[in-house]
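Report on the structure given below.
Since we're looking at a predicted model, the values are computed, not measured.
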Amino acid sequence: MGDVISSHLDEGKRGMITARTRAVLDEFGKVYEQQYAVALFNSVRFEIEGGGGPQSQLLHRKDPLKDKSIFSGGLYQYLEENKKWRNRFLYVAESYNISFYENKQAHDRGLQPKGIINCAGYKALSSMEEYLELINSSLPGLKAKANSSPFLKTTTRFPLILWHPYARHHFFCVMTEKEQKKWHAVFQDCVRHSNNGLSDDYTVLTPAFTDSLRLYRQSKGHYGTWDMMCGEPPQILANLVMETLHPELRDLIVPRLKGKTQQRQRNWMLISDAVYRQVLSQTRARYEALVQVCEGQRPLMEASLRTDMDQIITSKEHVFGKIRALVSPKAEQLKRTNVQPYINSILEALMEPTSRGFSEVRDTFFRELVAVSKNTLNDGGKKKMAEHMDRISMLAFHPVKMQSAYEKVEQLSLEGLQQRFDVSGQSVFVHRAQILMREQMDNAVYTFEQLLKQSLDASGGEDLCKTIQRCQDRVLKKYDYDSSTVRKKFFREALLQIIIPHMLKQLSPSFTTDLPKFQELIFEDFSRFILVENVFEEVVLQSVIKDIKMAVKEAAVQRRHNLFRDSIVLTNSDPNLHLLGENTIDWEGQLSGVETRDNTDGQNKKRRQIVSMIQLEGMPLLPYESCLEVPGVEGIPEENEGQDEDPGSSDEPCTPTESASIKNPESPDSVQEIRALINPVVEVVVPNSEKENPLLTNGTVELEEVEEVTTRVKNSVSKGDTNGLPQDENHVSLEIVHSPNTAQIKEVKENVSAIESAIQEIEIAVQENDSELLAVDSDVEIAQPSTDSKPHNYDDSGFQSPSNEAAEEEVSQPITEQLDAEGDAADPDHIVVAL
């Protein structure tokens with residue numbers, strides 16, 4: 001791997017990559033410094049003037065994932081370094097970064113992970129066909145033939161792949177389809193969270209970066225949405241550099257790669273990852289330095305803004321009027337011909353799947369609350385209710401339970417509009433809608449918890465089902481209102497993201513030469529807070545924003561997709577709601593009346609996992625998974641292979657974390673095989689007799705009826721005297737076991753000849769193959785010992801300890817007279833009767 005990278009990325013190419021990255025960042029840095037001042041002006045102005053939309057009816061939880069983890073478990077990971085599959089323990093923290101460890105014990109001990117995957121820009125795939133399609137599309141000159149060997153041999157039929165256009169790809173495998181669906185939902189949630197965009201909490205840094213990025217790409221002729229605006233600013237800048245650098249390196253390096261098509265594709269992936277990591281390290285350092293410089297100038301700029309805010313606003317409005325007079329005629333004509341006819345169709349394409357997704361969120365929330373009520377009623381206890389409430393508190397962040405709602409939005413399609421409006425894809429809108437759905441679900445759950453706690457405190461916990469029902473109805477009404485408000489805002493923003501870039505692309509060439517002269521109308525002291533490029537975009541936005549709002553308003557008036565009219569404002573509908581506490585409720589202590597101790601200060605406190613572990617029936621969960629090396633594709637059993645030999649095993653194959661405990665069915669370490677190797681047993685059934693029962697020779701024990709006499713011949717194999725066994729490998733001991741029936745003990749004497757012949761046959765067989773098991777099957781089961789006789793101390797492991805052997809000799813009564821009468825048929829020292 002290292003040879004491939006070093007041979008194709010020499011010092012010259014690495015120097016070229018560094019120079020290209022520096023050039024892009026220098027140009028971007030100039031735009032960023034300008035937009036930082038504009039973003040600071042807008043932030044201070046909003047702080048002074050105020051503003052905002054309708055008040056939310058649902059409560060918002062500040063830190064919902066505090067002391068929580070999303071998921072963890074074991075699966076197989078493909079290691080590119082040694083081209084082998086190994087069992088790894090994956091841990092998904094509240095940051096949605098995927099950490100993988102050698103085993104669970106390494107994670108529990110707090111060791112450093114083997115690696116961390118940031119899912120920004122990735123796609124989660126569940127089939128090799130999807131992956132090969134993306135590979136072929138990203139490398140048009142290296143398309144594998146239909147009948148060629150597979151790109152990668154997976155150990156099972158259930159792969160999981162994380163694909164990135166520039167960074168390294170990650171391959172995983174699980175044992176069952178159930179595991180695959182759960183892990184795929186978790187990976188999709190990690191991608192969705194990482195691709196959500198920058199945080200709105202940074203009122204200056206976020207708009208400064210996004211506006212700078214948009215203006216930079218527009219200067220290069222790229223208008224419209226961009227799928228690779230994913231992750232943190234350094235990652236987005238690395239994607240910006242790779243957008244132009246990656247195709248050039250591909251055309252330069254790929255023709256020089258050698259080997260088969262699949263090997264050339266894999267080598268190019270490794271080279272691309274090395275380039276991406278080099279660019280990312282450079283963008284991270286440059287962006288941090290750029291932010292530090294701008295933040296250092298912020299106090300002086302903010303002081304100037306607060307002093308001269310009125311003059312700056314007046315100057316901007318003056319320039320805005322001048323530019324609007326110039327741009328409005330062409331903008332209105334463009335809007336009538338190329339925009340207005342398509343607004344309703346775009347809105348309908350957005351509303352249908354989005355509204356179905358939010359409706360599914362409501363249904364999921366309702367079903368979970370109904371389940372809580374039923375379980376509380378059936379179980380009849382507050383303890384069970386506390387368990388259900390603890391689970392429902394993290395419902396919004398359970399990717400499996402939210403998957404049905406997410407799938408509704410994934411049906412969003414903008415085909416036919418992408419070329420006309422320069423929309424690169426619908427993934428930007430899909431991910432944004434899914435994040436809003438998750439936020440609304442969490443707000444609904446959190447509000448329900450607070451209302452339920454308030455009601456339980458007032459009623460003393462009586463009549464839980466009716467209390468749950470009342471709180472549920474209140475929350476659903478609030479959810480309907482907030483859902484309508486959030487969706488209308490989402491539709492307006494999506495329409496602006498689709499239409500504005502199209503209009504700017506059509507209008508910008510006409511006003512490129514005229515706009516710079518308006519900069520002269522701005523005072524020099526205010527020139528860094530007012531830029532004609534930004535004012536021009538605001539003019540274009542104002543020309544179309546009324547039509548967009550009108551389209552969304554008409555959809556609400558018609559009650560389409562359960563949208564509320566703007567005139568319906570539920571202000572102060574529940575004035576005491578926002579006075580409730582903001583802390584997470586301890587339902588066990590709340591319902592039991594006992595306050596539990598809070599150990600949140602402990603650094604080693606175990607985080608609660610949102611998604612439950614996958615554990616198949618019949619397979620215990622191992623506390624520590626070992627790092628297993630998979631021998632190869634041929635050695636991996638199929639789903640139901642090798643399960644019939646263990647009667648206690650499950651019908652389904654175990655998970656990778658559990659597979660470490662399952663022994664190979666051919667292993668000689670099982671108890672039965674060790675016992676067979678050490679003590680081969682031959683059972684000879686002696687025919688019954690109708691003679692009366694005589695007393696035993698010792699005169700102490702009178703046997704009842706004897707049904708049969710079973711003779712066991714053991715071949716004792718020993719390697720020493722440590723266990724008190726004979727050292728002779730072919731040493732034969734005869735043990736006669738009696739069971740109560742009509743036959744008497746003296747029948748043994750009459751059948752010694754049969755026993756002697758059986759012993760001789762066994763000795764011959766043992767000499768030929770002392771490891772072979774000799775057995776003469778009996779048609780009658782071995783009778784159980786009499787209840788009057790003392791029990792045998794038999795070690796079920798197959799080995800006899802010296803103490804156990806001595807105990808048997810004391811209990812057993814040797815029959816010497818009967819055997820001596822028959823001559824030397826058998827050695828009496830090795831023939832005992834077990835009573």
Side-chain angles (χ1 to χ4, degrees), residues 9 14 16-29 31-32 35 96-97 116-125 134-135 137-139 162-170 190-199 205-251 253 268-291 422-432 497 501:
L9 289 181
R14 290 187 178 274
M16 183 267 289
I17 295 170
T18 302
R20 181 67 61 84
T21 306
R22 184 187 302 112
V24 173
L25 294 180
D26 288 343
E27 188 174 355
F28 174 83
V31 180
Y32 183 85
Q35 294 302 316
Y96 285 90
N97 287 336
I116 299 176
I117 304 174
N118 185 297
C119 294
Y122 277 90
K123 289 184 179 181
L125 310 176
L134 290 174
I135 286 291
S137 62
S138 61
L139 291 173
L162 290 175
W163 178 89
H164 194 281
Y166 311 130
R168 171 172 294 194
H169 304 167
H170 300 276
C190 294
V191 173
R192 187 181 301 114
H193 180 85
S194 302
N195 294 347
N196 185 33
L198 303 180
S199 175
L205 294 179
T206 295
F209 182 84
T210 54
D211 292 344
S212 301
L213 186 68
R214 187 187 69 254
L215 291 173
Y216 175 84
R217 297 190 75 248
Q218 289 178 0
S219 66
K220 304 299 180 181
H222 301 292
Y223 291 82
T225 58
W226 187 37
D227 289 340
M228 292 309 297
M229 190 170 177
C230 311
E232 299 298 323
Q235 294 173 301
I236 299 175
L237 290 177
N239 297 334
L240 182 66
V241 175
M242 295 293 289
E243 187 178 20
T244 56
L245 180 62
H246 192 263
E248 295 181 10
L249 290 176
R250 181 185 60 195
D251 297 338
I253 296 177
W268 169 245
M269 287 163 41
L270 298 175
I271 296 172
S272 176
D273 176 66
V275 174
Y276 183 76
R277 284 187 283 109
Q278 178 182 347
V279 172
L280 181 59
S281 63
Q282 193 171 350
T283 56
R284 180 174 287 110
R286 288 292 302 273
Y287 177 75
E288 292 176 356
L290 182 62
V291 171
D422 296 322
V423 180
S424 59
Q426 56 265 10
S427 61
V428 174
F429 307 107
V430 170
H431 288 163
R432 181 57 184 166
Q497 286 182 292

For the student: nearest non-hydrogen atoms of Gly121 and Pro165, plus distance: O-CD, 3.7 Å
Residue pair Gln282 / Leu25: nearest heavy atoms and the distance that separates them: O-CD1, 4.1 Å
Nearest heavy atoms of Asn118 and Gln235, plus distance in Å: OD1-NE2, 3.3 Å
Main-chain N/O of Ser199 paired with Thr206 side-chain donor or acceptor, under 3.5 Å: yes
Non-hydrogen side-chain atoms of Leu125 and Leu134 separated by less than 4.5 Å: yes
Distance in Å, Leu280 CG paired with Leu237 CG, rounded so as to fall on 0.5 Å steps: 9.5 Å
Side chain proximity check, Val279 to Tyr166, heavy atoms < 4.5 angstrom: no
Met229 vs Val428, side-chain contact (heavy atoms from CB on, under 4.5 Å): CA-CA, chis, key distance, verdict: CA-CA 9 Å; Met229 190 170 177; Val428 174; over 6 Å; no
Side chain to side chain, Asp273 and His164, heavy atoms closer than 4.5 Å: no
Side chains of Val275 and His246 in contact at under 4.5 Å (non-hydrogen atoms): no
Euclidean distance, Arg277 CZ relative to Arg168 CZ, rounded to 0.5 Å: 6.5 Å
Nearest-0.5 Å distance that lies between atom NE2 in His193 and atom CG in Asn97: 8.5 Å
Tyr122 vs His170, side-chain contact (heavy atoms from CB on, under 4.5 Å): CA-CA, chis, key distance, verdict: CA-CA 10 Å; Tyr122 277 90; His170 300 276; 3.5 Å; yes
Gln278 and Thr21, any side-chain heavy atoms less than 4.5 Å apart: no
CD-OG1 distance between Gln35 and Thr210, expressed to the nearest 0.5 angstrom: 9.0 Å
salt_bridge(Glu27, Lys220) N-O dist < 4.0 Å: yes
Lys/Arg N to Asp/Glu carboxylate O, Arg22 vs Asp26, below 4.0 Å: no
Ser427 versus Asp227, closest heavy-atom pair with distance: OG-OD1, 3.2 Å
Closest non-hydrogen atom pair between Tyr32 and Leu205, with its separation: OH-CD2, 3.5 Å
Nearest heavy-atom neighbours spanning Arg14 and Leu9: NE-O, 3.4 Å
Exam field: side chain Ser194 to backbone Gly231, donor-acceptor pair closer than 3.5 Å: no
Asn239 side-chain N/O to Met228 backbone N/O, donor-acceptor pair under 3.5 Å: yes
From Ile17 atom CD1 to Arg20 atom CZ, the distance as rounded to the nearest 0.5 Å: 9.5 Å
Contacts of type side chain to side chain donor-acceptor pair (under 3.5 Å), residue Arg192, not counting sequence neighbours: Asp189, Gln434
Check: Trp268 ring centroid to His169 ring centroid under 6.0 Å: no
4.5 Å side-chain heavy-atom contact, Glu243 and Trp226: yes
Point-to-point distance, once rounded to the nearest 0.5 Å, from CG of Asn195 to OH of Tyr96: 13.0 Å
4.5 Å side-chain heavy-atom contact, Met269 and Ile135: yes
